[in-house]
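Inspection log for the structure reproduced underneath, given as C-alpha cells.
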Amino acid sequence: LRAPRLLTGEYGVVIEDGAVLIDGDRIVAAGNADAIPRAGDAEEIGFAGATLMPGLIDAHVHVCFRAGEDIVAHPQAVSEEDAYSQAKTAARLVLAAGVTTVRDLGCRGTLAQRLRDAVIDGRADGPRILAAGRPITSPKGHFWSIGIEARGAPALRAAVDDLVGEDVDLIKLIATGGSLTPGTDMGRAQFSLEECTALIEAAHDHHRPVAAHAHASEGIERIIAAGVDTIEHCSWMDHDDEIGTPPPDRLAEMRDNGQMIVIAGPVPDALFDARGGIAQPTGSEPRSVARLLKLWRNSLQARRMGVGTALGTDSLFGQFENGHDLAYRAEALVARAGWSPFEVLEMLGSAGARAVRGTGHIGVLAPGAYADIAVIDGDPATRIADLHRVAAVFLGGTRVA
Ligand SMILES: [Zn+2]
C-alpha cells in the first residue's frame with residue numbers, strides 16, 4: 001500500500017511518501033517507500049492524497065446494546081438473538097469506519113465471545129474483539145441486569161472462575177455505581193479494598209487483565225491499590241457526584257504501576273450542533289457538556305503526567321448509525337478539550353494497543369504487526385476530522401471496506 005503520508009501509530013511520527021508491505025496477515029515493512037524492499041510479485045495499491053495509519057482501536061464498547069436502550073429492561077425487552085444480530089450489524093459498521101479492534105466491556109451472556117469467534121472463523125464481518133463477557137457487580141449494583149452479582153472475596157473469586165470458563169479475554173469489574181442503573185450511586189464504591197484485591201488477584205492468576213468501571217474517587221483509589229489494569233471513565237467523583245480534580249500523587253502511582261485510563265461514557269447531545277458537527281463553545285455550557293469537558297481535561301492532565309490513556313466510545317452503539325462514534329470523540333477532544341491531534345491518534349494507536357494488551361500486534365504499522373490498516377482520505381494529524389473520510393480498511397491484510 002502506498003500513500004503520501006504514513007502514521008506509525010506512535011506519538012508524533014509521520015512519514016512522507018509512506019508504504020506498507022504486507023505478506024499474508026502481517027506487515028513485513030512499513031516506512032518511507034524508498035526504504036521498503038521491492039517484492040517481485042507484489043501488487044502495489046496506491047491511495048492518492050491519503051494517509052496510511054493503524055486500524056483504530058476502540059477500547060470500550062458494548063456490542064450487544066444500542067443507544068437509548070434501557071440496560072435494566074434489556075433482557076426482557078430484547079431477545080438474545082435480536083441482541084446478537086444488533087451486535088453483528090454494529091460490528092460491520094465500526095469496521096467500515098476504520099475500527100479494527102474493539103474491547104467489549106460487558107455483554108449479555110456470552111454474546112461478545114460468540115461474535116468474537118464468528119469474526120475469527122469468517123462467519124461475521126467485524127473488528128477483532130476482546131470480550132469481558134458478563135460484568136461482575138455487587139447485588140443490584142450497576143449493570144446487575146446482565147452481570148454476575150457477587151459480594152465477599154470467595155464469591156468474587158468464584159465469579160472470575162465462571163467467566164474464565166466462559167472463555168473471556170479479560171474481566172470487567174463494576175467498582176462504583178453508574179448513571180444507567182437506577183438505585184446505584186456513582187459517587188460511592190461498590191466493593192471494599194479487600195474485595196477488589198481478591199477479584200483482581202484471581203483474574204491475574206488466570207492471566208486475565210481487569211478493566212474496572214469507576215466514577216467515584218473512593219472506588220478509583222481502591223482499585224489502584226488493588227492492582228487494576230485499566231480504569232474506565234475515571235471520573236474522580238465525590239459522594240455528591242461532583243467531578244473533582246485527580247490527586248497528583250494518585251496519578252503518579254498509576255503512572256508508576258502502568259495503570260491506564262480509558263476515556264469512555266455517553267456524550268450529551270448538547271456537544272453537537274444542529275448539523276451533527278461538534279458545537280462551538282458558548283461561554284456558558286450546559287451542565288452535561290461542562291462535566292464532560294472537565295473529565296476530558298482531567299484525563300489530558302493525567303496523560304501529560306505520563307499516565308497511559310486510551311479512548312472508547314462506550315457505545316451503546318448507534319449514537320451515529322454510520323459507526324463513526326470514535327471519530328466524533330477524537331474530533332471533540334481536539335476541538336473542545338485541548339488535546340492535540342497526535343495525543344488523540346496515540347490513543348487510537350499504540351496507547352490503545354497497550355490498554356487492550358495488543359502491543360506490537362495492533363495499533364502500529366511496524367514489521368510483525370497485523371496488517372490492520374485504515375486508509376484515510378486526507379491528513380488526520382493536521383485535521384483530526386479527516387478520520388471521518390475512510391477510503392479503505394484492511395483487517396489482517398484483507399481489504400474489508
Ligand atoms: Zn461501558
Side-chain angles (χ1 to χ4, degrees), residues 57-75 78 83 86-87 90-91 94 99 101-109 111-113 115-116 127 129-138 141-149 163 168-182 184-186 190-191 209-216 219-220 223 228-237 241 243 260-268 291-292 295-296 299 309-320 323 325-326 328-329 347 352 355-356:
I57 297 169
D58 187 336
H60 186 141
V61 301
H62 300 273
V63 291
C64 68
F65 296 108
R66 262 191 196 155
E69 285 179 344
D70 178 336
I71 60 171
V72 175
H74 203 263
V78 181
Q86 286 179 192
V94 298
V99 178
T101 300
V102 300
R103 195 175 59 149
D104 190 277
L105 292 188
C107 70
R108 285 172 58 179
L111 286 183
Q113 293 96 302
L115 185 57
R116 172 196 68 196
I129 297 172
L130 294 146
R134 295 180 290 157
I136 299 177
T137 190
S138 59
H142 178 46
F143 248 141
W144 64 267
S145 57
I146 63 154
I148 302 179
E149 300 172 71
L163 288 167
V168 299
D169 299 298
L170 74 156
I171 300 294
K172 173 75 177 291
L173 165 65
I174 307 292
T176 73
S179 60
L180 293 177
T181 309
T184 69
D185 191 343
M186 294 173 84
Q190 294 195 161
F191 293 106
V210 177
H213 159 109
H215 291 297
I220 294 169
I223 55 177
V228 76
D229 297 282
T230 63
I231 302 180
E232 313 300 312
H233 316 297
C234 203
S235 310
W236 299 106
M237 276 182 191
D241 296 0
I243 296 170
M260 295 183 71
I261 294 171
V262 177
I263 300 171
V267 173
R291 282 168 72 84
L292 182 72
L295 261 176
W296 285 356
S299 298
T309 48
L311 187 57
T313 58
D314 215 353
S315 304
L316 305 191
F317 276 105
Q319 183 161 3
F320 300 97
D325 297 54
L326 198 59
Y328 282 108
R329 306 267 172 146
M347 291 201 284
V356 308

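Whatever order the structure lists ligands and atoms in, that order sets their numbers, starting from 1. In this chain, numbering begins with 1 at the start of the sequence shown. The structure presented is a predicted model; accordingly, all values stated were derived computationally and were not measured.
In summary, His233 places no N/O/S atom under 2.8 Å from the Zn ion (ligand 1), failing the contact criterion.
Ring geometry, His213 versus His233: the interplanar angle exceeds 60°, so the pair is classed perpendicular (tilted spans 30 to 60°).
Closest approach of Arg103 and Leu170 over heavy atoms only: NH1-CD1, 3.7 Å.
In summary, Arg116 and Asp169 engage in a salt bridge, as defined by a charged side-chain N under 4.0 Å from a carboxylate O.
The name of the N, O or S atom in Asp314 nearest to the Zn ion (ligand 1) is OD1. The Zn ion (ligand 1) is closest to atom NE2 of His60 (considering only N, O or S atoms).
Judged purely by atom type and a 3.5 angstrom limit, Gln190 uses its side chain to pair as donor or acceptor with the backbone of Ile174.
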